[in-house]
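Working notes for the structure below.
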Amino acid sequence: MSARRHLAGLAVVLAALVIVALFLKRSDVYLLTLWAVYLMATMGLNLTAGYAGQMSLGQAAFFGIGAYIAALLLKASWPFLAVLPVAAIVCFVVGIVVGFPALRVQHHYLAFATLGFNVLAYLAMRNEEAITGGTFGISGIPRPTLFGVDLGGHLAYWYWTLGSLVVLGGLLWWLLRSPWGRAFTALRDNPIRAESLGINITAYTLLAFAIGAACAGIAGVYYASLVEFIEPGPFHFSTSLMMLLAVIVGGSGRFYGPALGTAIVILLPEFLRGSSVPWLKFMQVWYLAFFGIAVIVLMIWLPGGLLSLRERLDRKGGPQ
Amino acid sequence: MSDASFLEVRDVRKHYGAIKAVDGVSFAVGPGEIIGVIGPNGSGKTTLFNAILGQIRPTSGSVRFRGDDVTGMSPLELSRRGVGRTFQTLQVFGQLPVRDNLIVAAQEFQGTLPGRLFAAPDAGLGERADEMIELFRLQHVARLPAGRLSYGQQKLIDIAMAFMAKPRLVLLDEPCAGVNPSLVDQLRELLVTLNKTQGGSFVVIEHNMDFIMRLCPHVICMVEGKVLAEGKPADVQANPAVLEAYLGN
Amino acid sequence: MNDFIQLIVSGTATGTIYALAGLGFTLLWQASGTINFAQGEFVMLPAFIMLFCMMAGAPLWLAFLLTCAFAMLVLGAGFKKVIVDPLIHHGVIPLVIATLGVAMVLKTVVRAGYSAEAQQFPSSFPAGQFSLAGITISYADVGTLILAAAIVIALQVFVTRTMTGRAMQAVAQNTDAARTLGIDAKRMVLYTFLINAILATVTALLITPTYLAKFDMGESIGLKAFFAAIIGGFNQTRGALLGGVLIGILENLVGFYWSPAYKEGVALMLFLVVILWRPEGLLGTAEERKV
């Protein structure tokens, strides 16, 4: 795809997202915003898992850390734009601390370390009542007012989140086009060869993981302010699994893969929950079983995710 | 073997329990020299390479490079010191375009890690990559993902990558294996050209006798983990012990 | 002091159960490179199958045997045939993702098809406890300890002393070399999957009386199985036993002396400390990098 067609396509989609929201119910705009918030986290995870090939199963923990930081600081009247870098930096540093011991040993240990970290983070959120409010959570998290514009309304907050998502996406795009992005792909494709070419695979893996974590931290800030009330539930490691599956199902290592995957993983269950059609009600209960089977089938037939479908068909039909 | 040796391998051993994969190998490589390593399958050639290159730790013995002890150093550190290699099996970055394979092979030698984040996307290596692409005649596939190319083409990319950062020493593990015979002569000429233009020393493992006889002024023959004979290619080839080792196999 | 010793005894008993699940996990990894993220659900499902058999009137021992057969068929051979074989050559990540999918399916099937509530599960051992030098020990702990230890030792003997066991080890260490020696590598890998299924069923038998049968019970057990295996040394059969026992004891001590809320975090902390200090695990041997 040429760069111009790419930009034109992106502009059309963004314009549609801006206009469509004007005609949607309040709860649907909320869902769209939720999609954009999760997408910030899954785009970061796509950098870690898709581009750099490192399994992280703790994205929800960083998402939660970002959300709790936001809840505490926003309630203490910090400006939103000051909270963002704090959440990003804290998650980046925690990511390095968790990832370093695991990556010193074997690269698939990162999956275990992050999974364990998520369990621990969840316990801390539930039990450190003095800070997190325990299972009662923290309520009354304000939405920001920026440059004199009140972002409290659902439409205003959606536009603000969408704009932020575009900025974050642009940053990630730029990062992936830099020599760092090339090194990430190299270490995913062939770490042993990469090391023999002077690529410090431990440093790059750690960076890819910590940058992904920072994105989740940023997403957490938008989340806290969107839902205005947080408790540990959404930051359980099952959310991490769903985020990873969103990346894989959409197409890992493809820039727009998470956008599709997050829509399927986050919006579809919400849609089912809101439905009253009998067979859809049946799906509410069994949804995860079908989704699990779909994931297995996808791994066997289309491990590159849904966005790799056309390529796969091309390769089968066309000449080699 | 003078002290001024560029690469000096001294009595390197690699034992796996009772199996002596490499059993006391010594040799030296001078600046700009090309050395061939031959020997029947399973004679320990690749294990020797891996022991020199930090892929595995030798059981005993030492490796010195430009006067420094580099025994057991990681592949990363060795690469930083200017030691490049190719692998016996194909090792390209399948999803990166050919040109990016070449750039990534040298970008880590440009500036600092944080600096590279803000560097130009080609890390200032675009011209160098294009030069290599031209030298290896890969212009028509430069923008394709390396994984989609033919075996021979990937092999060329693999070798070109090893030379991108202008290493001081390159260890090539069977560069001709699986390469179309018509490409073998081109490959030899390329290596000669690179040796002349970039300098640097090569150590080449190869089964293709014709290739090695014409490329390397000095040849080592390994059998059962030991150096059986060493010297001019014609002399090694005529050595009765070498003949026996090959024929007896 | 008595508290302390009691905690250690019951922690050791729980730890040997973790070890059983961890052992299966290690075996799969060694023989086929499968990292099974559904290991916990492989324990959960047999627990429910046993309950189901008992509801149909079978006594516990019969339910256990029937479930063993079921597990070998579905979680052993079926899992290998349907999930692992088609995916094993695609690299580690697609297979890991597929096992996550398996975990999700099993959990949902049990929750939606049976119940989301925790179910009581009968103990294989008599209730009650006895005193020994002032320390109270329950029969269940002693029984668990003896049974689990017997299984680990039997497995160790099987692997090191019998022809089949040695062939399995040869395949685990070097599949190609084993094949050239005339070993039927495929069959040996299948045996590994069958053994894993049995280990998971025994784990279910021992742990469910305390954990209760619940669709998400596998999350916690799976996590401890991984960590037990890694802490002890991924490439050592005895490693999982040591790792499991350490986790079991420390969990008890942390739960009692510090806070029960953080029991679940013990395994992770121990994992991080151990790999910083001994990356190959406590009993593991350093593996050479494969080129």
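No hydrogens, no waters, no symmetry mates; every other heavy atom, side chains included, goes into these values. Every chain is numbered from 1, with letters handed out A, B, ... down the list of sequences. These numbers were taken from a predicted model, which means no experiment stands behind them.
Note on B:F118, B:F93, B:F109: by heavy-atom pairs under 4.5 Å with chain A, the leading option is B:F93. In terms of non-hydrogen atom pairs under 4.5 Å with chain A, the most contact-rich of B:Q110, B:Q95, B:R80 is B:Q95. Each of B:L76, B:I103, B:L117 has some count of heavy-atom pairs under 4.5 Å with chain A, and the biggest count is that of B:L117. With respect to chain B, the highest number of heavy-atom pairs below 4.5 Å among A:A186, A:A183, A:G181, A:S178 belongs to A:A186.
Using a 4.5 Å cut-off between heavy atoms, B:A106 makes no contact with chain A at all. For B:L78, no part lies near chain A; criterion is any non-hydrogen pair under 4.5 Å. Neither the backbone nor the side chain of B:A165 comes within contact range of chain A; no heavy atom of the residue lies under 4.5 Å from a heavy atom of that chain. Within the 4.5 angstrom heavy-atom criterion, atoms from both the backbone and the side chain of B:M161 approach chain A. Only the backbone of B:P114 comes within contact range of chain A, judged by heavy atoms closer than 4.5 Å. Neither the backbone nor the side chain of B:N101 comes within contact range of chain A; no heavy atoms are under 4.5 Å apart.
Remark: aromatic rings of A:F62 and A:F117 are close, center separation under 6.0 Å.
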* To do: Give the C-alpha distance, both sets of side-chain angles, the deciding distance and a yes or no for side chain to side chain donor-acceptor pair (under 3.5 Å) between B:D173 and B:T46.
  => CA-CA 7 Å; B:D173 197 346; B:T46 297; 3.0 Å; yes
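The environment of B:I19 atom CD1 is sparse: at most 12 non-hydrogen atoms of other residues, nucleotides or ligands sit within 6.0 angstrom.
Identified under the salt bridge (Lys or Arg N to Asp or Glu O under 4.0 Å) test for residues 93-108 of chain B, with sequence neighbours left out: A:R182-B:D100, B:R99-B:D130, B:E108-B:R116.
For B:R66, the side-chain hydrogen bond (donor to acceptor under 3.5 Å, both in side chains) criterion is met by no residue, not counting sequence neighbours.
Contact check for A:V249 versus A:L306: side-chain heavy atoms found under the 4.5 Å cut-off.
For the atom pair OG (B:S79) and CG (A:L197), the distance works out to 6.5 Å, reported to the nearest 0.5 Å.
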